[in-house]
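So the structure is just underneath, and the comments pick up after that.
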There are 2 protein chains.
Amino acid sequence: MYALGMEASERVGQLVEALRRDGRVEVARAAVELGAAEMTIRRDLDQLVERGVARRVRGGAVNLLMRGEELPFAMREVEAVEAKRRIAQVVAELIGDGEAVALDSGTTTLETARTLVTRRVTAMPLSLHAATVLSAGAGVRLMMPGGECRPGELAMVGPLTLASIAALRFDTAVLGCCGVSPEGHVMAHDLGDAAVKQALLTSARRSVLALDGAKFGRGALAVVRELSTFDVIVTDASAPASVLAGLRADGVDVRVA
Amino acid sequence: MYALGMEASERVGQLVEALRRDGRVEVARAAVELGAAEMTIRRDLDQLVERGVARRVRGGAVNLLMRGEELPFAMREVEAVEAKRRIAQVVAELIGDGEAVALDSGTTTLETARTLVTRRVTAMPLSLHAATVLSAGAGVRLMMPGGECRPGELAMVGPLTLASIAALRFDTAVLGCCGVSPEGHVMAHDLGDAAVKQALLTSARRSVLALDGAKFGRGALAVVRELSTFDVIVTDASAPASVLAGLRADGVDVRVA
DNA sequence: GCGTACGAACACTAAAAATGTTCGAATCGA
DNA sequence: TCGATTCGAACATTTTTAGTGTTCGTACGC
């Protein structure tokens, strides 16, 4: 009598949601509500602890993330996969054969890497995740920027990264971002990340921003650049129409995947 | 009636051996001799084609590698795994906690990365394979050199790589090599690779060379440096004793794993 | 044109991952 | 200290996945 339990990642997602909503979850309660054994819930919570999302307490776990703080990469990677894939598809279609592309770190751009891997391009990914994906591509000429590799996200940052980017010129830079401020600024997690994004924009002939609709109005620490200065913006149908209309009026090529 | 077929990698290895010996293999014959279905042999050959080792012809496949040419990375990766693991273990024991280590590309050094991943070190791998392994280490501070990423080996080469290395100083550089000439020169596949190895040696306080015994007397194109100038050399019991004795006389710390 | 090799599609097996269960030890609160 | 509860190791079970074998229609080379 094994119930058709929901998939593992979905269950973990529910636990994260409950953590953010209530600040804590109880093992016994969660086991009943999610239709899983208590042992399974404990193992799920172990994962969250390992990823720094929660701290274990007797009977359950409590939230560790600050309000508004971003989820670790491994958790974001399984969220809204379908939307990201559609966006990535549109972005990939913007890239011509043989182009030199710089690929920012993040989950949407990682999905773009998965699309580009079958293509013939020169690619420089800003994260090890994307690099691993692209390294399997027979037609991909792979370049890596130097620098420090941040845990989890596996994004390259630091002076070496900036120097590597400055030494090259790309046809297209595909950026992701963690949010767009209400004032229309593209935002990054921190200054190091913002510096890398700015360097990418400086070294690329054309700039493409890939972001799902949920990013609009979500603030963050560091300003990268004004949204309206991008050449192309690819998003999905959940993006606020008024913002998109404004961008189009500014001459931005806005595409809804 | 499923025979306890030999392991897949072993079967592919036999096919490669036959290819190098006879220049070609036949599907029907190989299926009988290796005790596998023809379809399985075909699938194996597909792999070899994908890796550039063979070309498919009707009824079988023919060799594509030149005499003496090195096997692709994915093939070497499964050869002499035990010896490599032992060597890697000894190399890892040479590394102190918190040290900054540069890790050359290659299969032996990749095994070293697998050993180091549980340690607390700063590591800069010269190949994406090792980078992927090390990125899983909670205690590993990971740096990447910039540069072009060669297919297969996924080794970083080029001016950006040299510049990245030159910007840093390591406590230890762990090098691999593709052969040691009869005159006692450590050799590399090509000039680009040799340049990277030389840069590593320049930027490191201590140099460690990891090589299995089969490398001795095997020539290659590009000279890296004299064998006797390394601080530590880690090899296995199949290395020629006379060479090792000579190195010890020169003051090299020779370890046999 | 004939026989052979090919490869897609499906069946089967084995190995691995995920989940559930049991039970003794550890922890908490009274 | 005692009782109740939670924990997690060890094992059982299930599901998934990767690998292999088989069949059969198609295409290819001689």
Side-chain angles (χ1 to χ4, degrees), chain A residues 1-16 18-19 22-51 53-64 74-75 77-78 81 114 118 132-133 136 138, chain B residues 1-16 18-19 22-51 53-64 74-75 77-78 81 114 132-133 136:
Chain A
M1 42 98 126
Y2 281 69
L4 284 185
M6 71 185 75
E7 201 185 326
S9 60
E10 188 188 343
R11 196 181 50 231
V12 174
Q14 299 258 21
L15 288 173
V16 172
L19 268 176
D22 310 330
R24 66 168 291 159
V25 294
E26 288 167 35
V27 172
R29 173 109 63 99
V32 175
E33 290 182 358
L34 303 181
E38 294 195 359
M39 191 68 219
T40 301
I41 301 296
R42 284 198 199 99
R43 284 191 268 242
D44 290 344
L45 292 180
D46 287 346
Q47 276 184 49
L48 297 184
V49 169
E50 201 168 335
R51 288 171 187 169
V53 176
R55 187 167 48 81
R56 206 61 210 297
V57 296
R58 187 178 175 83
V62 296
N63 191 11
L64 265 187
M75 318 252 60
E77 171 63 354
V78 294
V81 180
R114 297 210 171 95
T118 59
T132 304
V133 170
Chain B
M1 42 102 119
Y2 281 70
L4 283 184
M6 71 183 77
E7 202 184 324
S9 61
E10 187 187 343
R11 196 181 51 232
V12 175
Q14 299 259 19
L15 288 173
V16 172
L19 270 176
D22 309 329
R24 66 167 291 159
V25 293
E26 287 168 34
V27 172
R29 173 109 62 98
V32 175
E33 290 181 358
L34 302 181
E38 294 195 0
M39 191 65 220
T40 302
I41 300 296
R42 285 199 199 98
R43 283 191 268 241
D44 289 345
L45 292 180
D46 287 346
Q47 276 184 48
L48 296 184
V49 169
E50 201 169 336
R51 289 170 187 169
V53 176
R55 186 167 50 81
R56 210 53 215 295
V57 295
R58 189 175 175 83
V62 295
N63 191 12
L64 266 187
M75 318 253 59
E77 171 63 354
V78 294
V81 179
R114 296 210 171 95
T132 305
V133 170

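Below, chains carry the letters A, B, ... as their sequence lines are ordered, and counting in each starts from 1. Side chains included, hydrogens not; waters and symmetry mates left out as well; all remaining heavy atoms used.
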Quiz item: Does B:Arg56 have a side-chain nitrogen or oxygen under 4.0 Å from the phosphate oxygens OP1 or OP2 of C:dC6?
Solution: yes
Practice problem: Figure out the CD/C1' separation between B:Glu10 and D:dG19, and round it to whole Å. | Solution: 16 Å
Quiz item: To the nearest Å, how far apart are A:Asp44 CG and C:dA17 P?
Solution: 17 Å
Quiz item: Contact class for B:Ala36 (heavy atom, under 4.0 Å): base, sugar-phosphate, or nothing?
Solution: sugar-phosphate
Quiz item: Could you give the distance from CG (B:Leu64) to CG (B:Leu48), rounded to the nearest 0.5 Å?
Solution: 10.0 Å
Quiz item: Side-chain donor or acceptor of B:Arg43 under 3.5 Å from a matching atom on the base of D:dG21?
Solution: yes
Self-check item: Between D:dG8 (P) and A:Ile41 (CD1): distance, integer Å
Solution: 14 Å
Exercise. Could you tell me the separation between the CZ atom of B:Arg29 and the P atom of C:dT4, rounded to a whole number of Å?
Key: 17 Å
Quiz item: In Å and rounded to the nearest 0.5 Å, what is the CD to CG distance from A:Gln14 to A:Leu19?
Solution: 12.0 Å
Exercise. Please report the C-alpha distance between B:Arg56 and B:Val27 in whole Å, then the side-chain angles of each, then the deciding distance to 0.1 Å, and finally whether the side chain to side chain contact (heavy atoms under 4.5 Å, CB included) criterion is met.
Key: CA-CA 10 Å; B:Arg56 210 53 215 295; B:Val27 172; 3.4 Å; yes
Quiz item: How close or far is atom C1' of D:dA4 from atom CD of A:Glu38, stated in whole angstroms?
Solution: 14 Å
Exercise. List in chain and number order the residues that pass salt bridge (charged side-chain N to carboxylate O under 4.0 Å, His left out) with A:Glu26, two or more places apart in sequence or in another chain; answer none if no residue qualifies.
Key: A:Arg29
Practice problem: Quickly work out the A:Leu45 CG to C:dA18 C1' distance and round it to whole Å. | Solution: 16 Å
Practice problem: Go through the structure and list residues passing side chain to side chain contact (heavy atoms under 4.5 Å, CB included) with A:Val62, not counting sequence neighbours. | Solution: A:Arg24, A:Arg55, A:Val57
Quiz item: Expressed in angstrom and rounded to an integer, what is the separation of B:Glu50 atom CD from C:dG7 atom P?
Solution: 13 Å
Practice problem: State, yes or no, whether a side-chain contact exists between A:Ile41 and A:Leu45 at a heavy-atom distance under 4.5 Å. | Solution: yes
Quiz item: Do the side chains of A:Arg42 and A:Met39 get nearer than 4.5 Å, heavy atoms only?
Solution: yes
Practice problem: Can you tell me the distance, in whole Å, between the CD atom of A:Gln47 and the C1' atom of C:dA17? | Solution: 12 Å
Practice problem: Report, as a single string ordered 5' to 3', how protein heavy atoms within less than 4.0 Å touch nucleotides 23-28 of chain D: B base, S sugar-phosphate only, - not at all. | Solution: -----B
